[in-house]
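Accompanying notes for the structure given below.
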Amino acid sequence: MKKFGFIGMGNMAQAMSEGFIASGKVACENIYAYAPNQEKLRCNGERIGFTPCGSIRELAENCDTYIMACKPYQVEQVLLELKEIRVLKGRTLLSVAAGWDFEAYAAHIDCRETAVQYIMPNTPVAVGKGTFLMEETNSLTDEDRLTITDILSALGTVINMPGRLMDAATAVSGCGPAFFDMVIEAIADGAVKNGVPRKTAYELACSTMAGTAELMLRTGLHPGELKDRVCSPGGTTIKGVAALEECGIRSAFIKAVDAVLK
C-alpha cells in the first residue's frame with residue numbers, strides 16, 4: 001500500500017486525509033481524490049495537500065488502495081465503473097460508506113481478487129483522536145491488515161467489531177461526536193448564563209470532557225464510580241446530577257442511539 005485514492009471527498013474523507021498527512025504515515029503526494037464537484041475538490045486539494053483527479057479512471061490508475069468515501073447510494077455505480085475499466089483486481093478497497101460492509105461488497109465484486117475492508121471512522125481522526133471501527137470479516141492478507149491498522153492507529157483508536165454490531169457501534173462512535181458537541185454547547189451555555197465568557201466556557205467544557213474520558217480509559221473504572229467520587233453527600237455536584245436525572249438525560253441518550261438505528 002503506497003498510494004491512497006479517495007473516491008468522494010466529503011467531511012469524513014477530508015478528516016481522514018488531513019489526519020494521514022498530519023500523522024506523517026502517508027505523504028501528501030501519495031494521496032489522490034476524485035469527486036464530481038471539481039472546483040470544490042481543487043480547493044480542498046490546495047488546502048489539505050492531496051492531488052485532485054479529473055475522473056475515477058485517473059485516480060484508479062495512480063493508486064493501489066481505494067477508499068470508498070462517497071454517499072452509500074453512489075457505491076454501486078462506482079463499482080460498475082471500476083469493473084468496466086478493470087482496475088479492481090489486485091487492489092485494496094477500504095470502505096467508509098455506511099452500510100457497505102463486506103457482505104454487501106461480496107454481492108457486487110470478487111472479494112478474492114480485491115482485498116476489501118469495511119471501516120467506520122469519526123471526525124476526530126483529523127486531529128489524531130478519532131475512533132476507527134474495523135469489521136472483523138475482510139479479505140485482506142494478515143500483513144495488509146496490520147499495515148492498515150498501523151496507519152489508522154496514528155489517527156486514533158482502532159476497534160475490531162463483528163459485522164452484526166457495526167451499525168450499533170457506529171451509532172456511538174460515528175454519531176457520538178455530534179451528541180457530545182451538544183453537551184459541550186449546553187454546559188457552556190450554562191456557564192455563560194452565569195457570567196463566564198463564551199470562549200472560556202467552551203475551553204472549560206472541552207478540557208473537562210476530554211480529561212474525564214481519559215481518566216476512565218486509564219483507570220478502567222466504571223463511569224458510575226467516577227461520578228460518585230465527585231458527588232459529595234449534600235454537595236453541589238449531586239444536586240446537578242439530580243437535575244439532569246429529572247430531565248431524563250440517560251433516557252435521552254439511549255433514545256438517540258436507538259433513533260440512529262431505525
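Quick caveat: nothing in here was measured; it's all calculated off a predicted structure.
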Glu18 vs Arg47, salt bridge (charged side-chain N to carboxylate O under 4.0 Å, His left out): CA-CA, chis, key distance, verdict: CA-CA 9 Å; Glu18 288 170 353; Arg47 176 176 63 84; 2.7 Å; yes
Minimum heavy-atom distance Gly8-Ala13, with the two atoms named: O-CB, 3.5 Å
Minimum heavy-atom distance Cys53-Leu59, with the two atoms named: SG-CA, 3.7 Å
Non-hydrogen atoms of Gly174 and Pro177 that approach each other most closely: O-CD, 3.5 Å
Glu135/Gln117 under side chain to side chain contact (heavy atoms under 4.5 Å, CB included): CA gap, chis, key distance, verdict: CA-CA 7 Å; Glu135 184 183 16; Gln117 173 69 67; 4.1 Å; yes
Under 3.5 Å: donor-acceptor pair, side chain of Ser55, backbone of Glu58: yes
Atom pair OG/CD of Ser207 and Glu214 - distance to nearest 0.5 Å: 13.5 Å
Close side-chain approach of Phe50 to Asn30, heavy-atom, < 4.5 Å: no
Ile7 side, atom CD1; Ile67 side, atom CD1 - distance, nearest 0.5 Å: 9.5 Å
Aromatic centroids of Tyr118 and Trp100 separated by under 6.0 Å: no
Neighbour count above 12 (heavy atom, 6.0 Å) for Glu203 CD: no
Atom CG of Asn194: over 12 foreign heavy atoms under 6.0 Å: yes
Pair Tyr105, Ser95: side-chain N/O donor-acceptor within cut-off below 3.5 Å: yes
Lys89 side chain reached by Asp110 side chain, heavy atoms, under 4.5 Å: no
Criterion side chain to side chain contact (heavy atoms under 4.5 Å, CB included) on Asp64 and Thr92, from CA distance to verdict: CA-CA 6 Å; Asp64 52 32; Thr92 297; over 6 Å; no
Electrostatic pair Asp150-Lys25, nearest N-O below 4.0 angstrom: yes
Asn138 and Arg145: CA distance, side-chain angles, deciding distance, side chain to side chain contact (heavy atoms under 4.5 Å, CB included) verdict: CA-CA 9 Å; Asn138 63 85; Arg145 189 171 172 84; 3.0 Å; yes
Side-chain heavy-atom pair Pro52, Glu46 within 4.5 angstrom cut-off: no
Val127 reachable from Leu155 in the ILVMFWY side-chain graph, under 4.5 Å edges: no
Flag, side chain of Lys83 to backbone of Val78, donor-acceptor distance under 3.5 Å: no
Thr200 side chain to Val196 backbone, donor-acceptor under 3.5 Å: no
Heavy-atom pair of closest approach, residues Ala201 and Val192: CB-CG2, 3.9 Å
Same cluster (ILVMFWY, side-chain, under 4.5 Å), Ile148 and Ile21: yes
Val75 and Cys70, any side-chain heavy atoms less than 4.5 Å apart: yes
Heavy-atom donor-acceptor pair, Thr51 side chain to Glu29 backbone, under 3.5 Å: no
Side-chain donor/acceptor of Asn160 to backbone N/O of Glu136, under 3.5 Å: no
Lys129, NZ: over 12 other non-hydrogen atoms inside 6.0 angstrom: no
CA sep, side-chain torsions, deciding dist, call: Ile109, Val116, side chain to side chain contact (heavy atoms under 4.5 Å, CB included): CA-CA 10 Å; Ile109 63 175; Val116 175; 4.0 Å; yes
Close side-chain approach of Val26 and Lys3, heavy atoms under 4.5 Å: no
Leu79 side chain reached by Met68 side chain, heavy atoms, under 4.5 Å: yes
Ile48-Leu41 co-clustered via ILVMFWY side chain contacts under 4.5 Å: yes
Other residues, nucleotides, ligands: >12 heavy atoms within 6.0 Å of Glu103 CD: no
Test item: Ser23 side-chain N/O and Phe20 main-chain N/O as donor-acceptor pair under 3.5 Å: yes
Met182-Ile187 co-clustered via ILVMFWY side chain contacts under 4.5 Å: no
Heavy-atom side-chain proximity of Val158 to Met134 below 4.5 angstrom: yes
Exam field: side chain Gln38 to backbone Ala35, donor-acceptor pair closer than 3.5 Å: yes
Shortest non-hydrogen separation from Val241 to Cys231 and the atoms involved: CG2-SG, 3.9 Å
Within 6.0 angstrom of Asn11 CG, more than 12 heavy atoms from elsewhere: no
Closest heavy-atom pair and its distance - Cys175, Val260: SG-CG1, 3.7 Å
Centroid-centroid under 6.0 Å between Phe6 and Tyr34 rings: no
Donor-acceptor contact present, side-chain Gln14 to main-chain Met9, <3.5 Å: yes
Linked, directly or transitively: Leu133 and Ile119 (ILVMFWY side chains, under 4.5 Å): no
More than 12 heavy atoms of other groups within 6.0 Å of Phe180 CZ: no
Inter-residue atom distance Lys2.NZ - Asn62.CG, 0.5 Å rounding: 14.0 Å
Greater than 12 external heavy atoms within 6.0 Å of Arg164's CZ: no
OH-OG1 distance between Tyr66 and Thr114, expressed to the nearest 0.5 angstrom: 8.5 Å
Side-chain touch Met16/Val96, heavy atoms, less than 4.5 angstrom: yes
Check: Ser251 side chain, Gly248 main-chain N or O, donor-acceptor pair, under 3.5 Å: no
Reported OG1-to-CD1 distance for the pair Thr157 and Ile159, which is rounded to 0.5 angstrom: 6.0 Å
Backbone N/O of Glu81 and side chain of Arg57: donor-acceptor pair under 3.5 Å: no
Interatomic spacing from CE in Met161 to CG in Asp101 - rounded to 0.5 Å: 14.0 Å
